Number of protein chains: 2
Amino acid sequence: MDVNYAPLVPHTRPRGSYHHGALREELLNACVRLIEVEGIGAVSLRRVAREAGVSPAAPYHHFADRAALLAAISVRGFEQLTERLRAALAGREQPRAAVVSLARAYVTFARERKGYFQLMFRPELSQPEKHPDARAAGDAAFAVLADVVAELDSPDPEALAVSLWAFAHGLAALALDGQLDHRGAELGTDADMLTARAIRLLDSMLG
Amino acid sequence: MDVNYAPLVPHTRPRGSYHHGALREELLNACVRLIEVEGIGAVSLRRVAREAGVSPAAPYHHFADRAALLAAISVRGFEQLTERLRAALAGREQPRAAVVSLARAYVTFARERKGYFQLMFRPELSQPEKHPDARAAGDAAFAVLADVVAELDSPDPEALAVSLWAFAHGLAALALDGQLDHRGAELGTDADMLTARAIRLLDSMLG
DNA sequence: ACAGAGGACTATACAGTGTTCAGATACTGA
DNA sequence: TCAGTATCTGAACACTGTATAGTCCTCTGT
């Protein structure tokens, strides 16, 4: 007897219908919610299905496998990031201020959308080699940065773009891993403060 | 019938002994090997045990649970990193050259010891809140950087240390996630070249 | 030299996982 | 109205982490 999923009386679906209607969407949302609340370690396809009130096999009609679900979330994450970066650019005309603003937006996104961000950079989960659309969505985000850096006359704009990405990404990754909290605690400050000071430093170094 | 582990004729252990003798060590090594060859996704305690030629329950006499094994590897990784960073400092007297050398060593370590590095920064796997020794080992590594940065008279040495860490960490993380390969392919270069150019840029910016 | 204590290991079991497949159900267009 | 198709369920498989009880070996004290 398998009682893995929530007490779901057969043929008495919450929405009153056998067909869910918008299961794909609900699975994506349930998964992100789960990551955000219980962490990436708690994500299982069965758990996500249970959360959405369907059987463990139901997701397979919308996603080839677990990795496909996670890759879809990854794509969505990159799209949201791209939007955020574009928004951070609005009104800023000097490339230097724009770049700093991008870095800030990148880190902010990572911390506000932890669930998405972690998935976006864990290839063992979303298997980007099998789901190239995630890669493509990432390219779009990087392009926003590359375009601004191009205006920033540097002897090596490609390396500069990669460096800026690395800086922001490193800050974000360390923050999400709790490394900055820990470092902050030892220094009598916190992760927020540390990232803010680091980005201020970036500003001064670009000048 | 459970045939999960390798065909191991009962009481005919490879080493000729019932007691393995150095199982703890062998489990750690087998695990790292597994990550390096098949990726983090392929790591399961049972698989590691099988690789070491013991039953699935054997690891529990050396590690409280799966996370404890991974945390132990994490500790070892941080120790190796600390060593590498110290070695990178040898002979370099000017703090600026030293810092650049540290960044290079950090990225090199990440790429050469992929298995270790990934584990070190995936808290959902090694659960650092339960294994504070991993945190402590990380502190030691960071201290190497912080010490050098202190000589680099900056208006905000703490933020500078965090920034340099973030830069190197971002570069390493992006490289391991395959992002730099992908970016490199689009730019007609490769990940090695990109990281080298990025670090050269860091050098020029510190000047 | 030998008992027996305790550590290292195995066998077995349980719940949970990803995934597959046959069948049930509901929506769709002719 | 009715066949066809998309969606979903139930049951099954091999695998996972982990707990328990028991077996084997090595060591220590006498």
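We name chains A, B, ... by the order of the sequence lines, and we start the count at 1 in each one. Just so it is clear, the model here is predicted, and its values are computed rather than measured.
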Are the charged groups of [X] and [Y] less than 4.0 angstrom apart, N to O?
X        : Y        : answer
A:Arg197 : B:Glu158 : yes
B:Arg46  : B:Glu51  : no
A:Asp192 : A:Arg111 : yes

Practice task
Assess whether one donor atom and one acceptor atom, taken from the side chain of A:Arg47 and the base of C:dG16, lie less than 3.5 Å apart.
Solution key: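 Under the 3.5 Å cut-off, the side chain and the base do not form any donor-acceptor pair.
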Exercise for the section: Assess whether one donor atom and one acceptor atom, taken from the side chain of B:Arg46 and the base of D:dT18, lie less than 3.5 Å apart. Expected result: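 By the distance-only test, yes, there is a pair.
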Practice task
Name the residue closer to the 5' end of DNA chain C, choosing between B:Ala58 and A:Val43 according to the nucleotide with the nearest heavy atom.
Solution key: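 It is B:Ala58 whose nearest nucleotide is closer to the 5' end.
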Problem - Contact residues, residues 61-75 of chain A to DNA chain D [heavy atom, < 4.0 Å] - result: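 Contacts with DNA chain D under 4.0 Å: A:His61, A:His62.
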Handout entry: Ring-face cation of A:Arg76 near A:Tyr116 (centre distance under 6.0 Å, axis angle within 45°)
Key =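 No, A:Arg76 does not sit over the ring of A:Tyr116.
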Nearest-Å distance for atom pair [atom1]/[atom2], residues [X] and [N]:
X        : N      : atom1 : atom2 : value
A:Leu45  : C:dT20 : CG    : P     : 11 Å
B:Leu34  : D:dT16 : CG    : P     : 10 Å
A:Leu23  : D:dT7  : CG    : C1'   : 9 Å
A:Glu124 : C:dG18 : CD    : P     : 15 Å

Exercise for the section: List in chain and number order the residues that pass side chain to side chain contact (heavy atoms under 4.5 Å, CB included) with A:Arg135, two or more places apart in sequence or in another chain; answer none if no residue qualifies. Expected result: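 Per chain and number, A:Arg135 pairs via side chain to side chain contact (heavy atoms under 4.5 Å, CB included) with A:Pro128, B:Gln179, B:His182.
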Problem - Closest listed nucleotide, where the reference is the side chain of A:Ser44 and the choices are C:dC9, D:dT9, C:dG18 - result: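 The closest nucleotide is C:dG18.
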Handout entry: A:Arg50 vs C:dT17: side-chain N/O to OP1/OP2 distance below 4.0 Å
Key =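 For A:Arg50, the contact criterion (side-chain N or O under 4.0 Å from OP1 or OP2 of C:dT17) is met.
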Problem - Contact under 4.0 Å: A:Ser55 side-chain N or O vs D:dC8 OP1/OP2 - result: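 No, no such contact exists.
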Problem - Residues that B:Phe121 engages under ring pair (Phe, Tyr, Trp, His ring centres under 6.0 Å), provided they are two or more places apart - result: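 Scan of B:Phe121 (ring pair (Phe, Tyr, Trp, His ring centres under 6.0 Å), adjacent residues dropped) gives B:Phe78, B:Phe117, B:His169.
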